[in-house]
Amino acid sequence: MNELLGIVNGIRGNQAQFRIQNIPDLKVNIAEGVQEYRIIPVSGMITSQQRKKAYALIGEIARATGYLTNYQKERLKYQLKEEYTKSVGKEMFSLSYCSENTALAFIDFLVDKALEVGAQIEPETLNSLDTEQYVKMCLKYRVCTVCGRRDAIQINHEDTVGMGNDRTHIDHRGHRLEALCVEHHAEFHAIGAKSFAEKYHFHGVKLNTKEVVSLGLMSKRQCEWFDERS
């Protein structure tokens with residue numbers, strides 16, 4: 001039986017009218033003899049701001065991948081939703097009236113995809129994203145967290161490592177990290193961590209073992225060496 005999501009359109013007496021997100025799934029359920037449903041309230045529905053954010057990201061991915069016509073953009077939107085739902089094992093949804101939690105998760109997926117394909121994310125879109133998640137994604141794809149530049153990216157330790165310390169023998173999991181281009185890395189050291197964070201409104205993030213290994217910052221053996229001595 002397929003799970004359905006809907007919005008109450010109206011109530012008359014003891015009858016309620018619902019606008020169902022996925023009518024094909026409802027038809028399948030009915031064909032299989034399902035007549036009764038359990039109604040479970042959700043935390044909230046997608047907001048207009050979330051919807052605008054999702055469409056902005058889809059538009060940026062479309063420009064980066066050559067989907068230029070309205071038909072191509074609609075196809076891309078469906079493909080992105082299909083890829084997302086398959087990756088998380090959920091049913092297809094609509095950006096018109098999906099749940100707030102679904103919208104949040106899909107937006108994170110779109111940011112990841114945008115960075116993967118080299119899309120130029122507009123500043124107003126960046127400003128409305130979850131900051132910590134975006135900093136992590138910039139580390140993953142080696143993109144400057146401030147300006148989006150993709151060349152000459154350096155991994156910055158927001159927490160002071162100390163002069164003369166060998167960074168190859170540091171447990172990077174104990175430090176807040178961020179990806180910065182040469183210019184913004186130099187600015188960080190010129191004005192200091194506090195002023196830099198106040199100016200650009202983000203902090204570095206601490207990564208787990210899997211993340212630092214996948215980014216090439218540490219090997220599994222290095223992580224194990226530090227863990228054995230902790």
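Just the heavy atoms: all of them, side chains too, but no hydrogens, waters or symmetry mates, feed the values below.
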Is any side-chain heavy atom of [Y] closer than 4.5 Å to one of [X]?
X: Asp112; Y: Tyr141; value: yes
X: Leu110; Y: Tyr84; value: no
X: Val146; Y: Glu178; value: no
X: Ile153; Y: Val143; value: no
X: Glu91; Y: Thr102; value: no
X: Glu116; Y: Met137; value: no
X: Ser99; Y: Ile46; value: no
X: Glu211; Y: Arg173; value: no

Say whether [X] and [Y] are linked into one hydrophobic cluster, either directly or through other cluster members, by side-chain heavy-atom distances under 4.5 angstrom.
X: Val117; Y: Phe106; value: yes
X: Leu80; Y: Tyr71; value: no
X: Leu104; Y: Ile58; value: no
X: Val182; Y: Phe196; value: no
X: Leu215; Y: Val135; value: yes

Give the C-alpha distance, both sets of side-chain angles, the deciding distance and a yes or no for side chain to side chain contact (heavy atoms under 4.5 Å, CB included) between Glu187 and Ile191. CA-CA 6 Å; Glu187 182 184 11; Ile191 67 177; 4.1 Å; yes
Are more than 12 heavy atoms from other residues, nucleotides or ligands located less than 6.0 Å from atom CZ of Arg229? yes
Assess the residue pair Glu32 and Val28 against the criterion (side chain to side chain contact (heavy atoms under 4.5 Å, CB included)); give the C-alpha distance rounded to whole Å, side-chain angles, the decisive distance to 0.1 Å, and a yes or no. CA-CA 6 Å; Glu32 292 176 350; Val28 170; 3.7 Å; yes
Minimal non-hydrogen separation, [X] against [Y], with atom names:
X: Ala62; Y: Lys73; result: CB-CG, 4.1 Å
X: Gln50; Y: Ala103; result: OE1-CB, 3.6 Å
X: Val212; Y: Cys223; result: CG2-SG, 4.0 Å
X: Gln120; Y: Glu60; result: O-CG, 3.6 Å

Intermediate values then yes/no, side chain to side chain contact (heavy atoms under 4.5 Å, CB included), Gln79 and Tyr67: CA-CA 12 Å; Gln79 290 167 8; Tyr67 287 77; 3.4 Å; yes
Does the Arg142 side chain pair with the main chain of Ala179, one donor and one acceptor, at a distance under 3.5 Å? no
I'd like to know if the side chain of Arg63 reaches the main chain of Ala119, judged simply by a donor and an acceptor atom lying under 3.5 Å from each other, with no hydrogens or angles considered. no
What is the distance from atom [atom1] of [X] to atom [atom2] of [Y], rounded to the nearest 0.5 Å?
X: Arg176; Y: Asn156; atom1: CZ; atom2: CG; answer: 10.5 Å
X: Cys138; Y: Arg149; atom1: SG; atom2: CZ; answer: 14.5 Å
X: Leu217; Y: Ile170; atom1: CG; atom2: CD1; answer: 11.5 Å
X: Glu82; Y: Arg75; atom1: CD; atom2: CZ; answer: 8.0 Å
X: Cys181; Y: Arg150; atom1: SG; atom2: CZ; answer: 13.0 Å
X: Asp108; Y: Lys136; atom1: CG; atom2: NZ; answer: 10.5 Å

For this output row, return yes or no: ring centroids of Tyr200 and His184 closer than 6.0 angstrom. yes
So, for Phe202 and Tyr134, is the gap between ring centers shorter than 6.0 Å? no
Could you verify whether a donor N or O on one side chain and an acceptor N or O on the other, from Tyr55 and Lys77, lie under 3.5 Å apart? yes
For Glu158 and His175, does a side-chain donor sit closer than 3.5 Å to a side-chain acceptor? no
Take Lys194 and Glu198, measure what salt bridge (charged side-chain N to carboxylate O under 4.0 Å, His left out) needs, and give me the verdict at the end. CA-CA 6 Å; Lys194 185 175 184 295; Glu198 290 175 349; 2.7 Å; yes
Do Asp171 and Trp225 pass the side chain to side chain contact (heavy atoms under 4.5 Å, CB included) test, and can you show the C-alpha distance, the side-chain angles, and the key distance before you say yes or no? CA-CA 10 Å; Asp171 189 346; Trp225 188 89; over 6 Å; no
Aromatic rings His185 and His189: how do their planes relate, parallel, tilted or perpendicular, breaks at 30° and 60°? tilted
For the residue pair His157 and His172, does the interplanar ring angle fall in the parallel (under 30°), tilted (30 to 60°) or perpendicular (over 60°) class? tilted
